[in-house]
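To start, the structure itself, in structure tokens.
Throughout, residue positions are numbered sequentially from 1 according to the sequence presented. Because the structure is a prediction, the values reported are computed rather than measured. Indexing begins at 1, ligand by ligand and atom by atom, following the structure's order.
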Amino acid sequence: MVVRYTGDVRVVVIGAGPVGLVVAALLGRRGVDVRVLERHAAPYPLPRAVHLDGEVLRVLQDVGVLGRFQAVSRGMPGLRLVEPRGRVLAEFARDSAVGANGVAESSMFEQPALERLLLDEVGDRVEWGVTVTGVDGPTVQTDRGEIRAEYVLACDGADSFVRRELGITSRVLGRPQQWLVVDVRGDGVVDWGGVHQVCDRRRPATFMRVVGDHYRWEFRVDGPADPRTLLARWTPVDDIEIIRAATYTFRSRVAERWRRGPVFLLGDAAHEGPPFIGQGLGAGLRDAHNLAWKLALVLDGGDPGILDTYQTERAPHVTRMIRAAHIVGWALSAGPVRRSVIGAAARLPGIPTAALRFSSPALDPGRLVRRTPLAGTLCPQWRTADGWSDDLLGPHPTVVDLDSPYAEWLRGAGVQAALIRPDRIVLGTAKSTTDTIRLSEIATALGGHD
Ligand SMILES: Cc1cc2nc3c(=O)[nH]c(=O)nc-3n(C[C@H](O)[C@H](O)[C@H](O)COP(=O)(O)OP(=O)(O)OC[C@H]3O[C@@H](n4cnc5c(N)ncnc54)[C@H](O)[C@@H]3O)c2cc1C
């Protein structure tokens, strides 16, 4: 059978995982003709990712599903470090539900529920049961025929066929680890709503309530392990239903190249890290947000050179996040001495607040991130009488100044204007009228306004 849309597709996305669906939705909202090819006949029904941070919720906001996501997720109130026998070593509890992004700083959710929301947005662009078997520049071969596009986005997961086909190797950042992930249902299985990290050299573990009566345990294992035996240390196993137990190998690696010609890697295809800080999917959604507006601009006649900033911005960022996950992994594998150091450090003034105040690293300076204050960081977001401040910015690069609702934030940084990109990253700031005019010129060149 020949795929019916041969000919006039501008972008082909390979993989209808969350990253593929989000990038397709973002491109679709910018008027780009995009098709998603997925080898499975239906969405993957089992939970994997359970946590997203407040920065990434702004990507979902851009997709148009934030309100519906909030309805199926819950704000997560903090983190406890726990000793092997269950005693709480340190607690980092949040006192405020809403952070600098205007939404919960941490949210718990079920991945299939998120994917359903995304499919409501882009389901009509997904071709189910189509396996990609070859990629030759912008030509994609499938088991149902061949498609030509201008750009191909490989969102085909950790074992990416496309990455292998293009001969792209990865930089390894740490040793692989095996973890047994156990999802259970039950009543009041864990009494606190935050994430528990069990610091135990012999059996590091994490457990938490996800949403409703769904709870998650993750145990590091060295081989086959019985989930009931491991769970029994933490909860009466007769009172719960195990809905899924699977062993995963968590790798730490980042692709050496994120692009070959018209083909780009996104999500797990480009990078993998351990899930200790719940950032794997978040990193993929950041990729989608970073690339989608640039690609839409180029397809609209913009300078294709800006596409080179995708890897130079995203690869260092995700590498830092993976290294941060390794630090949490270090705490998780603590023996008695390391535990007492961690416990003492957690009692130092300011440490609990700092541990909870999440903001990801600024993007490195480059063509779309100037060497000015705030550049490379996300601008703040808050609720206004008319809706979200992000929604006031709209889909184009925008200059905000001291006459805008952003005045207080700008004054706090000692600047008089900022150019905000469509992914809400600050491209640069200005301290003088001349520099503000320069920012406006850059905005216009990028299809924006002030
Ligand atoms: C147990 C576990 C817990 C996790 N917890 C978290 C967490 O709390 N927070 C977080 O942010 N992340 C977490 N992650 C990571 C997160 O689940 C992944 O980062 C995320 O699913 C990656 O999304 P993706 O779209 O890049 O890839 P995938 O979800 O793997 O999707 C890839 C898609 O491509 C399709 N595909 C592959 N090859 C082809 C082909 N040749 N042709 C057509 N289609 C193809 C696949 O069928 C699949 O649907 C966790 C992961 C695991 C395993």
Regarding ligand 1, does Thr131 bring an N or O atom to under 3.5 Å of one of the ligand's N or O atoms?
no
Which atoms from ligand 1 have a heavy atom of Gly15 less than 4.0 Å away?
33 (C), 34 (O), 35 (C)
Close side-chain approach of Pro422 to Pro397, heavy-atom, < 4.5 Å:
yes
Is it true that Asp303 and Arg367 make a salt bridge, defined as a side-chain N closer than 4.0 Å to a carboxylate O?
yes
Trp388 six-ring face occupied by Arg383 cation (under 6.0 Å, within 45°):
yes
Answer yes when Arg253 and Glu272 have at least one side-chain N-carboxylate O distance shorter than 4.0 Å, and no when they do not.
yes
Using a plain distance cutoff, I'd like to know if Val132 has any nitrogen or oxygen under 3.5 Å from a nitrogen or oxygen of ligand 1.
yes
State the atoms of ligand 1, each with its element, that fall below the 4.0 Å cut-off from a heavy-atom position in Arg216.
3 (C)
For Gly278, take its heavy atoms, then give the atoms of ligand 1 lying under 4.0 Å from any of them.
7 (C), 8 (O), 9 (N), 10 (C), 11 (O)
Among all the protein's non-hydrogen atoms, which is closest to atom 25 (O) of ligand 1, and how far away is it?
Val19 N, 3.1 Å
Closest to atom 43 (C) of ligand 1 among protein heavy atoms sits Arg39 N, 3.3 Å
Against ligand 1, does Glu272 come closer than 4.0 Å with any heavy atom?
no
Within 6.0 Å of CZ in Arg244, more than 12 heavy atoms from elsewhere:
yes
Could you tell me which atoms of ligand 1, counted from 1 in the order shown, lie closer than 4.0 angstrom to a heavy atom of Gly280?
10 (C), 11 (O), 12 (N), 19 (O)
Provide, to 0.1 Å, the distance between atom 11 (O) of ligand 1 and the closest protein heavy atom, together with that atom's residue and name.
Leu281 N, 2.7 Å
Quick one, Arg39 with Glu127, criterion salt bridge (charged side-chain N to carboxylate O under 4.0 Å, His left out). Give me CA distance, side-chain angles, the key distance, then yes/no.
CA-CA 9 Å; Arg39 66 181 169 187; Glu127 205 68 35; over 6 Å; no
Checking contacts here: is it the side chain or the backbone of Val181 that comes within 4.0 Å of ligand 1, counting heavy atoms only? Could be both or neither.
side chain
So, is Val50 polar-close to ligand 1, with some N/O to N/O distance under 3.5 Å?
yes
Among all protein heavy atoms, pick the one closest to atom 49 (O) of ligand 1 and tell me residue, atom and distance.
Glu38 OE1, 2.6 Å
For Asp226, is the CG atom crowded, meaning more than 12 foreign heavy atoms sit under 6.0 Å from it?
yes
Considering only heavy atoms of His40, which atoms of ligand 1 have at least one such atom less than 4.0 Å away?
47 (O)
Between Trp258 and His271, what is the ring plane arrangement, given parallel below 30°, perpendicular above 60°, and tilted in between?
tilted
Does the residue Tyr248 have a heavy-atom contact with ligand 1, meaning some pair of atoms that are separated by less than 4.0 Å?
yes
Using a strict 4.0 Å cut-off to heavy atoms of Gly267, name the atoms of ligand 1 that fall inside it.
26 (O)
With distance as the sole test, does Arg216 use its side chain to make a donor-acceptor pair with the main-chain N or O of Arg48 at under 3.5 Å?
yes
Tell me the protein heavy atom at minimum distance from atom 9 (N) of ligand 1, and give that distance in Å.
His51 O, 3.0 Å
Between Arg68 and Glu121, does a salt bridge (charged side-chain N to carboxylate O under 4.0 Å, His left out) hold up when you go through it step by step?
CA-CA 12 Å; Arg68 283 173 281 158; Glu121 297 299 308; 2.6 Å; yes
For atom 21 (O) of ligand 1, what is the nearest protein heavy atom, given as residue, atom name and distance?
Gln111 NE2, 3.2 Å
For Gly282, atoms of ligand 1 separated by under 4.0 Å from a heavy atom
11 (O)
What is the nearest protein non-hydrogen atom to atom 5 (N) of ligand 1, stated with its residue, atom name and distance?
Ala49 CA, 3.3 Å
Side-chain contact, heavy-atom cut-off 4.5 Å: Met76 with Glu105?
no
Is Arg80 positioned over the aromatic face of Trp192, cation under 6.0 angstrom from the ring centre and no more than 45 degrees off axis?
yes
Assess Met321 for proximity to ligand 1: is some non-hydrogen atom of it under 4.0 Å away?
no
Just go through Gly17, Gly157, Gly20, Pro47 and tell me whose heavy atom is the nearest to atom 27 (O) of ligand 1.
Gly157
Report the part of Cys155 in contact with ligand 1, treating N, CA, C, O as backbone and CB onward as side chain, heavy atoms under 4.0 Å; options are side chain, backbone, both, neither.
backbone
Taking NZ, NE, NH1 and NH2 as the nitrogens, is one of them in Asp200 or Arg233 under 4.0 Å from a carboxylate oxygen of the other?
yes
Can you list the steps and then say if Arg35 with Asp33 is a salt bridge (charged side-chain N to carboxylate O under 4.0 Å, His left out)?
CA-CA 7 Å; Arg35 284 288 178 274; Asp33 182 20; 3.7 Å; yes
Counting from 1 in the order shown, the ligand 1 atoms closer than 4.0 Å to a non-hydrogen atom of Leu37 are 43 (C), 44 (N)
Does ligand 1 have any atom that is closer than 4.0 Å to a heavy atom of Val130?
yes
Among all the protein's non-hydrogen atoms, which is closest to atom 18 (C) of ligand 1, and how far away is it?
Asp268 OD2, 3.4 Å
Decide if the gap between the ring center of Phe207 and the ring center of Tyr215 is smaller than 6.0 angstrom.
no
